[in-house]
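Sharing a structure here in structure tokens format.
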Amino acid sequence: MNEKSLIPEKFLKPYNPEGTEDKIYKLWEDAGYFNPDKLPERNKKGEPYTIVLPPPNVTGTLHVGHAAMLAIEDIMIRYKRMQGYRTLWVPGTDHAAIATQSKVEKEIEKKEGKRRHELGREELLKRVNAFAQESHDTIVNQVRKMGASIDWSREAFTLDEKRTLAVRTAFKTMYDLGLIYRGSKVINWDPKGQTTISDDEIVYEARKAKLYTFRYSKDIPISISTTRPETKLGDTAIAVHPDDARYQQFIGTEYDAVFAGEAIHVKVIADTAVEPSFGTGALGVTPAHSAIDWDMAQRHDLPLKQVIDEFARMTVGNESIKGKKVTEARTAVVEWLKAQGLLEKEEDTDQNVATAERTGGIIEPLPKLQWFVAVNKSFTLAHSTIPGIASGSQTTLKDIMLQSVSSGAIKIIPERFDRVYANWIHNLRDWCISRQIWYGHRIPVWYKSDQIYTGIEAPAGEGWTQDEDTLDTWFSSGLWTFSTLGWPDLNAPDFKMYHPTSVLETGYDIIFFWVARMILMTGCLIGDVPFKTVYLHGLVRDAKGRKMSKSLDNNIDPLDMIKKYGADATRLSLIIGTGPGNDAKLSEDKVKGYKNFSNKIWNITRFVLSAAAGERFGSTNVSPVVYDSSFTGYSAIETEHIKKLNDLIKEITAEMDEYKFYLVGEKIYHYIWHEFADKILEESKPILSGLPAQASDDMSARISRVQFLLHVVHTILKLAHPFMPYVTEEIWQEIQAKKSQLIVESWPI
RNA sequence: GCGCGGUUAGCUCAGUUGGUAGAGCAUCCCCUUGACGUGGGGAGGGUCACAGGUUCAAGUCCUGUAUCGCGCACCA
């Protein structure tokens, strides 16, 4: 290369992502191509193709899993955009109620030593909102850095004004259908977070525990076993299996005793839920502190007796028990049993302790008045396009959830998650949606003496007070595919054009939390499915296959990777070698490898441009060759190469349609490096320089070769663009003399 | 307890409807002063977890086993 080179100077140095990416992103944004309303005519006339971004929680920063999600969705969107679809990708963030509030609370407690009730609702919300705003800004910046071609003009937040209207409308509609109800039952109470949580927000931890076998008193002839003796102060029955010969004679008998300072009255009942082979085959029934026992109490009309409060402290018992934490009370009850000579056995056992996902608090089942979504209740679905559920027919939310997938209206990738999904629904119980926290959508219900009002706005008149509780964050994210598109206005242009969405791309770990809830909400409120395809990605783990975590200090920050190796390399490293539904391993070396690849494309371009500029034509003085897409004078071998490339295009187009991005990425890599660079460019050198092996003056052979190389470069830039948008666009801008943008070029066929 | 997934080269993983085992990285050897400090060529390395079965033919289909991981339920 010399100073008279005709090729752009930037190609004389290695590809520099840092100096390129922001500039290119701005180029796309200024052209407006992220917004479907500003796409070229070809796209505007095309079929809509919609993805809503799974809104990241405003709890801090994005991790490498988010980066993988963004890479996959951007590949889908860019591919479809190039194919001429009217593509819309909607960005947004999730307020993540408990997660966000508990994070801010922890910080305040650490820094100022204050608890939320000392601050009050208003002040706490002020702090949480400030934190959420900060997180939001960080997240938006990260999404942009990844190269996401997402429509910022349609950005949404699960707690903004429009989404609030959607949430209230949904609540009111479901309330009127009888699907949302207020009821008293045993729920999962998190004493640490001071709120209820749903069944899905529980994480079970395997621990060792003691199983105690004892009698309530010497006068009661039946022994029972439990790992939680302190709850036995609240027992109101002893349950045995109806066929258990050992206990037949006692069924129906009632006993009184004073147990650890508390007078109890128990009745012996027969219930098939009892497993005769466990322990003594007799079970102490504690309706107030066990969901299973509560169900049993309903069947046998047993009284409810609460002995533990919201702070997991005993409310009854002798002086060494009352007022104590449950763990201390447990020891005290065991001591008492020993002293009374009632303890018969003490064995080690494995136990799964229920803990709250967000706070780590040990769940205490408590009876409480809460709001629920009834999943088994029959109702009339006025309008339905879900196959198998007719408009105006009777159905249940469970049916809607099952039918949407089993009918094939929603396709889950990989398919095996169909069964996981169905299995979960079969076990589903009513969804507890009220939370005793402050950050979130306040329940749109108002009370005045014994009147209840549900609506979008507060009722007219004096003296109404709104329900203190907020909604489960998944209630609002369940509406995400349509609350972002203008619903509840059924005539909103976006709603009409883009719903149902095309693909939901998300992690398999939130299939229950989110995917199932979206299907429930959409079926119930719109009578349709929220999306046609669900693409589930796996977890991104470290090079050794471990989960990334703070304690292991093995987190890979996507922003670091982008800074060091570029967004394109980061994206490829998260795509290649990772199939849907499978966990992926990531190491810095992998990212580095793909940075080399970005540079390889850069250098290929440099080589081809120097050839086109005539710089490789030996001493012959020729004018530069300009790419002519209608050129036909290819040699036999060039025609053969083009045929092979066209075969590759067919192959990878089919694989793109099957969501096999990991395969396509690898094939593009392989073709560019090991076919085009290693074979074709090497083979071109003697032709271009007119070495003795070639007819030394065959200018037409040289020109045809340059045309051929330019053709391949144009094609591979298009193919690689969805995967590596920055470097491909940067090169495109040079070789096309800034006449067009690759982002809206046609996908080759 | 019910269910799902993995087990293929040193490592990470592909392997489409059954038809002679593949890629990247790593290792070793050689080459390379004009596209590429990130280059090229080549080599070694696999009883496809194990045992049966179906088939002309099995990494691929069937049955079972082992092992690792995951989900759900139970958890008195």
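Lettering follows sequence order; numbering is per chain, from 1. Quantities reported herein were computed from a predicted structural model and do not represent experimental measurements.
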Handout entry: H714(A)/W732(A) aromatic ring centres below 6.0 Å
Key =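 Centroid distance H714(A)-W732(A): below 6.0 Å, so yes.
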
Practice task
Could you check whether N352(A) gets within reach of a base, just the sugar-phosphate, or nothing at all, counting any heavy atom under 4.0 Å?
Solution key: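 Base contact.
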
Handout entry: Whole-angstrom distance between G18(B) and U54(B), as gauged at atom C1'
Key =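 12 Å, rounded to whole Å.
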
Handout entry: Sugar-phosphate only, base, or nothing, as touched by V608(A) at under 4.0 Å among non-hydrogen atoms
Key =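 No contact at all - V608(A) keeps every heavy atom at 4.0 Å or more from the nucleic acid.
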
Practice task
Calculate the interatomic distance between D647(A) atom CG and U16(B) atom P; express it in whole Å.
Solution key: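 Taking CG of D647(A) and P of U16(B), I get 20 Å after rounding.
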
Handout entry: Separation of atom OH in Y671(A) from atom P in G22(B), rounded to whole Å
Key =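 Atom-to-atom, Y671(A) to G22(B), this comes out as 22 Å.
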
Handout entry: C1' atoms of A49(B) and G44(B), separation to the nearest Å
Key =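 So the two C1' atoms sit 24 Å from each other.
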
Handout entry: D235(A)/K232(A) ion pair, N-O < 4.0 Å
Key =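 Counted as a salt bridge, because a side-chain N and a carboxylate O are separated by less than 4.0 Å.
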
Practice task
Taking atom P in both G52(B) and U16(B), compute the distance separating them and give it to the nearest angstrom.
Solution key: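 The answer is 25 Å between these two P atoms.
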
Practice task
Classify the nucleic acid contact of Y669(A) as base, sugar-phosphate or nothing, counting any heavy atom under 4.0 Å across all strands shown.
Solution key: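 Y669(A): backbone/sugar contact only, no base atoms under 4.0 Å.
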
Problem - Ion pair E730(A)/K10(A), N-O distance below 4.0 Å - result: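 A salt bridge links E730(A) with K10(A).
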
Exercise for the section: Look at all strands and tell whether D678(A) reaches a base, only sugar-phosphate, or nothing, counting heavy atoms closer than 4.0 Å. Expected result: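 Sugar-phosphate contact only - D678(A) comes under 4.0 Å of backbone atoms but never of a base.
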
Handout entry: C4(B) versus A57(B) - spacing of their P atoms, nearest Å
Key =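 The answer is 30 Å between these two P atoms.
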
Exercise for the section: Select base, sugar-phosphate, or nothing to describe what I604(A) touches, counting heavy atoms under 4.0 Å on all strands. Expected result: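 Result for I604(A) = base.
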
Exercise for the section: Check every atom of C75(B), A35(B), C36(B) against the side chain of N599(A) and return the nucleotide holding the closest atom. Expected result: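 Of the candidates, C36(B) comes closest.
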
Practice task
Would you give a per-nucleotide map of nucleotides 10-15 of chain B, 5' to 3', where B means the base has a protein non-hydrogen atom under 4.0 Å away, S means only the sugar-phosphate does, and - means neither?
Solution key: --SSSS

Practice task
Write down the distance separating the P atoms in G41(B) and G24(B), rounded off to the nearest Å.
Solution key: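 About 10 Å, rounded to a whole number of Å.
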
Practice task
Could you give me the stems involving RNA chain B, meaning stretches of three or more consecutive Watson-Crick or G-U wobble pairs whose two defining distances are both below 3.5 Å?
Solution key: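 Listed by first number, the stems are B:1-7 with B:66-72, B:10-13 with B:22-25, B:27-31 with B:39-43, B:49-53 with B:61-65.
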
Practice task
Between A273(A) and D199(A), name the one whose nearest nucleotide on RNA chain B is closer to the 5' end.
Solution key: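 By nearest-heavy-atom nucleotide position, the 5'-most residue is D199(A).
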
Problem - S277(A) versus E275(A), side-chain donor and acceptor atoms under 3.5 Å - result: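 Short answer, yes.
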
Problem - Spacing of the C1' atoms in U60(B) and C48(B) (rounded, Å) - result: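 Here C48(B) and U60(B) have their C1' atoms 10 Å from each other.
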
Practice task
Would you indicate, yes or no, if G40(B) has its OP1 or OP2 atom less than 4.0 angstrom from a side-chain nitrogen or oxygen of W673(A)?
Solution key: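 For G40(B), OP1/OP2 do have a side-chain N/O of W673(A) under 4.0 Å.
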
Practice task
Give a yes or no on this: more than 12 heavy atoms of other residues, nucleotides or ligands lie within 6.0 Å of atom NZ of K267(A).
Solution key: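 Check fails, neighbour count at 12 or below.
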
Exercise for the section: Report which part of the nucleic acid E682(A) touches: base, sugar-phosphate, or nothing (heavy-atom distance under 4.0 Å, all strands). Expected result: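 Base contact.
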
Problem - P gap between G15(B) and U55(B), integer Å - result: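 These two P atoms come out 28 Å apart once rounded.
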
Practice task
For nucleotides U27(B) and G64(B), find the distance between their P atoms and express it as a whole number of Å.
Solution key: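 Each nucleotide's P atom is 44 Å from the other's.
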
Practice task
To the nearest Å, give me how far apart CG (L609(A)) and C1' (G34(B)) are.
Solution key: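 L609(A) atom CG is separated from G34(B) atom C1' by 16 Å.
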
Handout entry: Interatomic distance where OH belongs to Y204(A) and C1' belongs to C70(B) [whole Å]
Key =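 That distance rounds to 17 Å.
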
Practice task
Provide, to the nearest angstrom, the distance between the CZ atom belonging to R416(A) and the P atom belonging to G69(B).
Solution key: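 So the two atoms are 17 Å apart, to the nearest Å.
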
Exercise for the section: Determine, using ring centers only, whether Y669(A) and Y594(A) are less than 6.0 Å apart. Expected result: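 Centroid separation for Y594(A) and Y669(A): below 6.0 Å.
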
Exercise for the section: Flag the pair E734(A) and R606(A) as a salt bridge only when some basic side-chain nitrogen lies within less than 4.0 angstrom of an acidic carboxylate oxygen. Expected result: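 No, no charged N to carboxylate O under 4.0 Å.
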
Handout entry: Phosphate OP1/OP2 of G22(B): any H670(A) side-chain N/O under 4.0 Å
Key =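 For G22(B), neither OP1 nor OP2 has a side-chain N or O of H670(A) closer than 4.0 Å.
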
Practice task
Tell me what E275(A) touches on the nucleic acid: a base, only sugar-phosphate, or nothing, going by heavy atoms under 4.0 Å.
Solution key: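 Base, at least one base atom sits under 4.0 Å.
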
Practice task
Test ring pair (Phe, Tyr, Trp, His ring centres under 6.0 Å) on Y255(A) and Y216(A) and set out the steps.
Solution key: CA-CA 10 Å; Y255(A) 298 97; Y216(A) 295 99; 9.2 Å; no

Exercise for the section: State whether the number of non-hydrogen atoms from other residues, nucleotides or ligands found under 6.0 Å of E254(A) atom CD is greater than 12. Expected result: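 Correct, the count exceeds 12.
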
Practice task
Output yes when at least one side-chain N/O atom of R419(A) is less than 4.0 Å from OP1 or OP2 of C4(B), else no.
Solution key: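 Yes, such a contact exists.
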
Exercise for the section: Return the value, rounded to whole Å, for the distance between atom CD1 of I576(A) and atom P of G22(B). Expected result: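 Rounded to the whole Å, the gap is 21 Å.
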
Practice task
Figure out the NZ/C1' separation between K600(A) and G37(B), and round it to whole Å.
Solution key: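 Computing the K600(A):NZ to G37(B):C1' distance gives 13 Å.
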
Practice task
Specify the separation, in whole Å, of atom NZ of K679(A) and atom C1' of G39(B).
Solution key: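 Value for this atom pair: 15 Å.
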
Exercise for the section: Mind checking A677(A) for me? I need base, sugar-phosphate or nothing, with any heavy atom below 4.0 Å counting as a touch. Expected result: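 Base: the residue A677(A), judged by heavy atoms under 4.0 Å, touches a nucleobase.
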
Handout entry: Validation row: T533(A), I412(A) side chains within 4.5 angstrom (heavy atoms)
Key =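 Heavy-atom side-chain distance check fails, nothing below 4.5 Å.
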
Problem - Basic-acidic side-chain contact under 4.0 Å: K208(A), D348(A) - result: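 Salt bridge between K208(A) and D348(A), a charged N being under 4.0 Å from a carboxylate O: no.
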
Exercise for the section: Considering only NZ, NE, NH1 and NH2 on the basic side and carboxylate oxygens on the acidic side, decide whether E18(A) and K563(A) come within less than 4.0 Å. Expected result: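 Salt bridge present between E18(A) and K563(A).
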
